[in-house]
Amino acid sequence: EEEEEEEDEEDYDGEGIIRSPGDRWMIRGPTEYVPPVEVEVVAKRSAIPLDNNEGIYVRDTKSGAVRAVIGETYMLDQNEELFKKELTPQVEELLMSSKDPLADRSTRGRGTGSGSSRARDKTRVVSYRVPHNAAVQVYDYKEKRARVVFGPDLVMLGPDEQFTILSLSGGKPKRPNTIRALCLLLGPDFCTDIIQIETSDHARLQLQVSYNWQFEVDKGNLDEASKIFAVPDFVGDMCKAVASRVRGAVAQVQFDDFHKNSARIIRASVFGLDDDGKVRDRFSFPTNNLAITSIDIQSAEPVDQRTRDALQKSVQLAIEITTNSQEATARHEAERREQEAKGALERQKIDDEAAAEESKKSLLELQALSAAVESTGQAKAEAESRKEASIIEGQAAVKQAELKVQAMKIESEGELERLEKARKAELEFLRAQNELQLDKQRKENELEIEKFQKTVEAITPQAIIEMARAGPDAQVKLLQSLGIQSTLITDGKTPLNLFNTAKGFIGATDTNNINTM
C-alpha cells in the first residue's frame, strides 16, 4: 500500500525534500511512516491488478490528460486519479444487453433488450466482443478519425473513443429506427419486406419479398473497410431502392402478364439485363459495397376486393381449363392406346398367317425333295459312294505325301546334324594339331636359343669378334701386298651401275691434283 499525504506548513520530509503547503506525495510500501502534525494522510491506495483484456482510465490532475492503462498491474501516482468514462444510454443498454448480436439478430429491436442488473464500472476500460463475420466502427473525437474492427476480436475503447451506433430499419414492412446495434453483420443474410405495387391496368398488389444480401469488403484496405458504414441505415436504403425498381417495372405491364411472369419481371427489374438479354446474378451498391445476390417472391396478394375476386375467378377458370385439358389428354391417350392395341392384334394375325404359309411352303418343299430322293436314290447313292471313295483316296495320298515330306525332313536334318558334328570334330582336331606343332616349334626354338647361348658362353665374345675380323684383315693385307688401292668384288649375279663411277674417279683425281698444286 501507498499513502498519499498533504502538508500544511513548509517543512522537510524524511527524505530531505522541502515540501510546501498543499504539496502531495506518496510513500510507497512496504515501510512504516508516522506522519507529523503538519502532514495530513489524504488516501491509501493499493495496486490494481489487470488482465490482458482489462484496463482502467487514469487522469492526470495537473495536466488533465486522460489515458488508458491495459494489461498490467498499476498503482496510481499522487497526481493521478481514476477517470469515469460516460457513455450514451443507448450504448449502455446495448453493452449490458444479454442478447447475442449474431444468434438473436431476428429478435433484436428497440425496447426489446433485457439489460443486466449489475451496473458498469465506469473507471474500467469499455470492451466489446465483436462476433464472427461482423464489424464495429469506433470514432476518436480527439484525433478526428475512425477505425473499423472486424470480428472475431475484442474492442477496447480509448478515453476519447465512442462506438458508432447503427439505427436500422426493421419489421414488415420496413420501419426506420427499429433496430439499434453496435456491430454490423457482414452476411450472407436475408431480410423480408412487404411492398405495394400497381400494374398498368391499375391492379394493386401486395408483395412479400425476401432479399439475400452480403457486404463485399476487402478487410486489408482501410478505405474500403470504412465504406460499409457510409450508409447509416443500409437495410432501409436497400429496401427502398429495390421497391422503387420493382414498382417502376410492374407499372409497365398488365396484371395477366405480371401474374404469369412475376419472378422474371421482378428479378430483371432489380438485377438488370446483360448484353445477351440474360438476368444478372447480383445488384451492388457501390456506396457501401453491399450486394444483393437473390430475390425470393414469397407471396403476391391483391389489395382491393375487386381485384381479389377477379384473381379468384381467373384462378378458378385456369383450374377448370387445366382440368378439361387433362381430361381431353387422358381421353386422347386412352383412344390412342386402344388403336395401338387393335393395330397390334391385326399385325399379330397377319404374322400368324404368314408363319402358317411359310410352314406349308416348307412342307411342300420337303415332300418334293422326298419324291426326288426316292426317284434318284440309287444313282445318287452310287455317286455319293464314288465321291466318298475319291475323297478318301485323295486324303490318303495327301497324308502319304505329308509323311514322306516329314521323313525326308528328318533324314536331311539328321544328315545336316552329322555333317555339323563331323566338321566340328575336324576343326577341333586341326586346332589341337596346330597347337601341338606350335608347342613343338616353340620348344625347338628354345633349345636352339639355349644351344647358341651355351656356345657363345663357351667361346667367349672376344674370341668371336677376333674370328669375325680375321678374314677381312687378311684380305686387306693381301691387297696391300699386291699394291692395289681399291677393288670391287661381286658375286657375278647382282648387276652394278658403273656409269657414274668414272665421274667419281675423275672428280677424285682432279681434287687430288688441286690439293697437290
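Throughout, residue positions are numbered sequentially from 1 according to the sequence presented.
Gln298 contributes atom CD, which lies 4.5 Å from atom CD of Gln208 (distance to the nearest 0.5 angstrom). Rounding to the nearest 0.5 Å gives a distance of 4.5 Å between CG of Leu182 and CG of Leu94. Here the OH atom belonging to Tyr128 is positioned 3.5 Å from the SG atom belonging to Cys183, to the nearest 0.5 angstrom. Here Asn288 contributes atom CG and Ser226 contributes atom OG; the two are 11.5 Å apart, rounded to the nearest 0.5 Å. Distance check: Gln254 CD to Ser200 OG gives 4.5 Å after rounding to the nearest 0.5 Å. In this structure, the separation between OG on Ser169 and CG on Asp193 is 9.0 Å, given to the nearest 0.5 Å.
Listed for the Arg129 side chain is no donor-acceptor partner under 3.5 Å among the backbone atoms of Gly151. Using a distance-only test at 3.5 Å, with no hydrogens or angles considered, no donor-acceptor pair links the side chain of Ser325 to the main chain of Ile321. Tyr74 places no side-chain N or O within 3.5 Å of a backbone atom of Gly55 that could act as its donor or acceptor partner. At distances below 3.5 Å, at least one donor-acceptor pair connects side-chain atoms of Lys227 with backbone N or O atoms of Pro286. No donor-acceptor pair under 3.5 Å is formed between the side chain of Asn212 and the backbone N or O of Ser294. Panel note: side chain Thr61, backbone Asn79; a donor-acceptor pair is recorded below 3.5 Å. Without hydrogens or angle criteria, Lys85 side chain to Val125 main chain gives no donor-acceptor distance under 3.5 Å. Judged by distance alone, with hydrogens and angles left aside, the side-chain atoms of Asp276 form no donor-acceptor pair with the main-chain N or O of Lys278 at under 3.5 Å. Side-chain atoms of Asn434 come within 3.5 Å of backbone N or O of Leu430 as a donor-acceptor pair. Of the possible donor and acceptor atoms, none in the side chain of Asp439 sits under 3.5 Å from a partner among the backbone N and O of Glu435.
Heavy-atom minimum distance, Tyr57 versus Lys122: CD1-O, 4.0 Å. Phe229 approaches Ala135 most closely through the heavy-atom pair CZ-O, 3.8 Å. Taking every heavy atom of both residues into account, Val41 and Pro35 meet most closely at CG2-CG, 4.0 Å. Taking all atoms of both residues into account, the shortest heavy-atom contact from Ala243 to Ile195 is CB-CG2, 3.6 Å.
The closest side-chain heavy-atom distance from Phe271 to Asp281 is not below 4.5 Å. At least one side-chain heavy atom of Arg124 sits less than 4.5 Å from a side-chain heavy atom of Leu50. At a threshold of 4.5 Å between non-hydrogen side-chain atoms, the residues Val138 and Phe163 count as touching. The shortest side-chain heavy-atom distance between Val270 and Tyr211 does not fall under the 4.5 Å cut-off. Here the side chains of Phe215 and Asp189 are not in contact, with every heavy-atom distance at 4.5 Å or above. Under the 4.5 Å side-chain criterion, counting only non-hydrogen atoms from C-beta, Val405 is not in contact with Glu402. With a 4.5 Å cut-off on side-chain heavy atoms, Phe258 and Ile197 count as touching. Inter-residue side-chain proximity for Ile48 and Val69 is flagged as unmet; no heavy-atom pair is nearer than 4.5 Å.
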Assess whether side-chain contact (heavy atoms from CB on, under 4.5 Å) is satisfied between Val279 and Leu273, documenting all intermediate values. CA-CA 5 Å; Val279 180; Leu273 301 177; 3.7 Å; yes
Test Phe255 against Leu205 for side-chain contact (heavy atoms from CB on, under 4.5 Å), laying out the working first. CA-CA 9 Å; Phe255 174 74; Leu205 300 175; 3.7 Å; yes
Between Asn324 and Glu327, is the side-chain contact (heavy atoms from CB on, under 4.5 Å) condition met? List the steps. CA-CA 5 Å; Asn324 295 333; Glu327 290 178 356; 4.1 Å; yes
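A salt bridge links Glu428 to Arg431: at least one charged side-chain nitrogen sits closer than 4.0 Å to a carboxylate oxygen. Under a 4.0 Å N-O distance rule, the pair Arg337/Glu333 qualifies as a salt bridge. Between Glu338 and Lys342, at least one side-chain N (NZ, or NE/NH1/NH2) sits under 4.0 Å from a carboxylate O, which counts as a salt bridge. Taking the charged nitrogens against the carboxylate oxygens, Lys421 and Glu417 do have a contact shorter than 4.0 Å, which makes a salt bridge. We find that Glu161 and Arg147 are joined by a salt bridge, their nearest charged nitrogen and carboxylate oxygen being less than 4.0 Å apart.
Relative ring orientation between Tyr139 and Tyr141 is described as perpendicular, the plane-to-plane angle rising above 60° on a 0-90° scale split at 30° and 60°.
Between Arg120 and the options Glu92, Glu86, Glu93, a salt bridge (charged side-chain N to carboxylate O under 4.0 Å, His left out) holds for only Glu92.
Atom CZ of Arg336 has more than 12 neighbouring heavy atoms from other residues, nucleotides or ligands inside a 6.0 Å radius. Within 6.0 Å of CZ on Arg247 lie more than 12 heavy atoms contributed by other residues, nucleotides or ligands.
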